[in-house]
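Labels below follow one simple rule: chain letters A, B, ... track the order of the sequence lines, proteins then strands, and each chain is numbered from 1.
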There are 2 protein chains.
Amino acid sequence: MNQKIDNLSKILIEKNIKPSYQRIKILQYINENINHPTVDTIFNSLIKEIPTLSKATVYNTLELFKSTNLAKVLTIEDNETRYDSKVHSHGHFKCESCGTIYDFEADIDNLAVDSLKYFKIKDKNVYFKGICPKCLEKNKN
Amino acid sequence: MNQKIDNLSKILIEKNIKPSYQRIKILQYINENINHPTVDTIFNSLIKEIPTLSKATVYNTLELFKSTNLAKVLTIEDNETRYDSKVHSHGHFKCESCGTIYDFEADIDNLAVDSLKYFKIKDKNVYFKGICPKCLEKNKN
DNA sequence: AATAAAATTTATAATCATTATAATATTATT
DNA sequence: AATAATATTATAATGATTATAAATTTTATT
Ligand SMILES: [Mn+2]
Ligand SMILES: [Mn+2]
Ligand SMILES: [Zn+2]
Ligand SMILES: [Zn+2]
């Protein structure tokens, strides 16, 4: 148990982030909940453990994680920002029926684009939308 | 000149959208300004020609265009929604320095993903971020 | 250990894009 | 011309995010 917290602390320290209780808990949450949670989801879960937690802290901390590459921001839909602790390059599929966001591995890095030869590419995002198998099955008449 | 408006009208009629003056002008705007404008940009340009124009009309109309595939929505950044009249599948590169959003052609359709075999994919989006050649040149010391 | 400084968190208010609502204007139908 | 349907407008409400300043906690200094 303390082992877990020590590991999370170490991760933060390596990024020159002081491992406060709030930061550790937020990092722990996004590591254990890989369903691409929103700020609200994170806040509403952690407030049970940390009754004094402020939503501003969640925003600040996620911004900090984003800038140090401990988390990535997903903006698939313009009305909800989601966070992802898996920072390696991978695709996202959002089901328009149930809202679930699925990860998928795709050969994003080899998506060669001649016309961007002289562009410095720092970040690649692939978002798909449609209907997931569960919802397809459910809506089958 | 009227030829142009007639063409735009026809496009709307084909989609079963009544070609009101506002709708024609908004369609014309996004067709002639392919720099992925925001609602605000569109509104602030058209208000000069249509002094009574309401921002709600711009929102409603773009939602209508989106649902009839006359426009696509870009949500590269979580704080700005942009619109694109090029509805064919193409990639977008946003320069983090100057904010310009560049189009690029990529083989998005052939981005095969085995794990999505049983998913019904309706929409594919590819967003890159980084620095554009102009800004790279400018910042060269 | 006491004090001061720095960093972090919290509570609260402000901002701003978007959505909702209802009134007005326009267009189509009888 | 009267009526119904549709579109536009003005305005208010919503809600996520950001900004600000006070309070708390941590760290450094004496
Ligand atoms: Mn993911
Ligand atoms: Mn485009
Ligand atoms: Zn689903
Ligand atoms: Zn640039």
query: Is B/Ile34 atom CD1 crowded by more than 12 heavy atoms from other residues, nucleotides or ligands, each under 6.0 Å away?
result: no
- line: Protein-proximity profile, nucleotides 8-30 of chain C, B/S/- by nucleotide at the 4.0 Å heavy-atom cutoff, equals SSBB-----SBB-----------
field: salt bridge (charged side-chain N to carboxylate O under 4.0 Å, His left out) partners for A/Glu105, two or more places apart
entry: none
task: Measure the acute angle between the ring planes of B/Tyr127 and A/Tyr127, then classify it against the limits of 30° and 60° as parallel, tilted or perpendicular.
output: perpendicular
task: Look at the rings of B/Tyr102 and A/Phe119 and say which category their plane angle falls in: under 30° parallel, 30 to 60° tilted, over 60° perpendicular.
output: perpendicular
- request: Look at atom CG of A/Asn69 and say whether more than 12 heavy atoms of other residues, nucleotides or ligands are closer to it than 6.0 Å.
  value: yes
